[in-house]
2 protein chains.
Amino acid sequence: MTSAPKLSDQLCFAAYSFTHALNRAYRPLLEPLGLTYPQYLVMLVLWEADGQTVKEIGERLKLDSGTLTPLLKRLETIGYLTRRRGRQDERQVIIHLTDEGRALSEKAAEVPVALGCAMGAEWGEIAELREHLLTLRDRLADAGCAVGEPED
Amino acid sequence: MTSAPKLSDQLCFAAYSFTHALNRAYRPLLEPLGLTYPQYLVMLVLWEADGQTVKEIGERLKLDSGTLTPLLKRLETIGYLTRRRGRQDERQVIIHLTDEGRALSEKAAEVPVALGCAMGAEWGEIAELREHLLTLRDRLADAGCAVGEPED
DNA sequence: CCCACATTAATTGCGCGCAATTTAATTACG
DNA sequence: CGTAATTAAATTGCGCGCAATTAATGTGGG
């Protein structure tokens, strides 16, 4: 039979549409800060540790330079960070927060609170779900899984 | 204090990076079918019920015409579906599968199997996670949550 | 009948996300 | 040394995803 898979059965679609709903929920919260959601993620990474290379940021967020380079240039234009070539290794570009970029974390503190409210979920529940997703993500990333046709 | 939120604490980032990992896992599986993941979702919707309008497909997938119109045009070009104005309401565009598009569901049947393998998770676990995500998604969509600044 | 309003797609503009390629700098090796 | 291999970013091209606008069709009220 091998009937077509059903949309409603798919974890993948659930994750896909949940992510888009999150993005839409973040938008009005981040707009006053002048940030998109991916830009907000980069700022989170920098608020945790300033002075990282593009590569380090990319490893943290699982993004490559094709995505990060133009994004970082926009954040530089806004004035939240600076991009400088490394001194001892000129291949690297090191990202530093400006005072304005650092100051932004104060305003951003309200964002996750508002999001938690919008989801109306408990901390334990959120934490469990988060671990679950990260576990599956890493399995997908490691696996590649080769996808050979299984012997029946 | 209102210290900056931590990336690792965020359900949102977990969902975000899980979705991207899924996309990357789907890519090699869907490439032989000539589909991207969003295109695959549209095909899923059509395999369930042929002859839907753009609006109906969009409601199912939570996508608007700005996304769907060019995507459907690509699928039309490939030859998997046709786009025709409705007869009784000429505002609507009705999407019909071609024979080739219908036949594709056979080949696509392997895809979710391979994905399930790559995640290495149990059916019950998957189902639970899926319901969880859909619940939170709908809360986010309904809420809008107004995000008024709380009175401290 | 005509006009205001609503509905459906299409269009435009912008920002990801990623594969593939290019450029420049560093490292390893003979 | 000097050349090949490696690494880090940048660039190019394409397909979403969505806000905002536009165009065309349908509906209802005076």
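Note: hydrogens, waters and symmetry copies are ignored here, and every other heavy atom, side chains too, is used.
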With heavy atoms under 4.0 Å as the rule, sort [X] into base, sugar-phosphate or nothing.
| X | answer |
| --- | --- |
| A:L71 | sugar-phosphate |
| A:E56 | nothing |
| A:Q88 | sugar-phosphate |

Quick check: does any side chain N or O of [X] sit under 3.5 Å from a backbone N or O of [Y], one acting as donor and the other as acceptor?
| X | Y | value |
| --- | --- | --- |
| A:E56 | A:T53 | yes |
| A:E128 | A:E125 | no |
| A:R139 | B:M119 | yes |
| A:T36 | A:Q39 | yes |
| A:R130 | B:A14 | no |

Quick one: which protein N/O atoms are closer than 3.5 Å to N/O atoms of nucleotides 18-23 of chain D? Pair and distance per line, please.
from   : atom 1 : to    : atom 2 : distance (Å)
D:dC18 : OP1    : A:R24 : NH1    : 2.2
D:dC18 : OP2    : A:R24 : NH1    : 3.4

With a cut-off of less than 4.0 Å, is there a side-chain N or O of [X] near OP1 or OP2 of [N]?
| X | N | result |
| --- | --- | --- |
| B:Y37 | D:dG15 | no |
| A:K55 | D:dT6 | no |
| B:K73 | D:dG15 | no |
| A:Q39 | C:dC16 | yes |
| B:Y16 | C:dG17 | yes |
| A:T53 | D:dA9 | yes |

Please give, in whole Å, the distance from [N] [atom2] to [X] [atom1]?
| X | N | atom1 | atom2 | result |
| --- | --- | --- | --- | --- |
| B:L30 | D:dG15 | CG | P | 15 Å |
| A:D89 | D:dT7 | CG | C1' | 8 Å |
| A:R83 | D:dA10 | CZ | C1' | 9 Å |
| A:I95 | D:dA8 | CD1 | C1' | 12 Å |
| A:R91 | C:dT26 | CZ | P | 7 Å |
| B:Q92 | D:dG26 | CD | C1' | 10 Å |
| A:L68 | C:dG17 | CG | C1' | 10 Å |
| A:L41 | C:dG17 | CG | C1' | 13 Å |

Taking the nucleotide of DNA chain C with the closest heavy atom to each, which residue, A:R74 or A:E90, is nearer the 5' end?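 First, find each residue's nearest nucleotide; the 5'-ward one identifies A:R74.
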Would you call the rings of A:H20 and A:Y16 parallel, tilted or perpendicular, taking 30° and 60° as the class edges?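 Perpendicular.
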Rounded to the nearest 0.5 Å, what's the gap from OG on A:S17 to CG on A:N23? Could you check?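 Output value for this atom pair is 12.5 Å.
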Distance from A:L72 atom CG to A:I57 atom CD1, nearest 0.5 Å?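 Result: 5.5 Å between the selected atoms.
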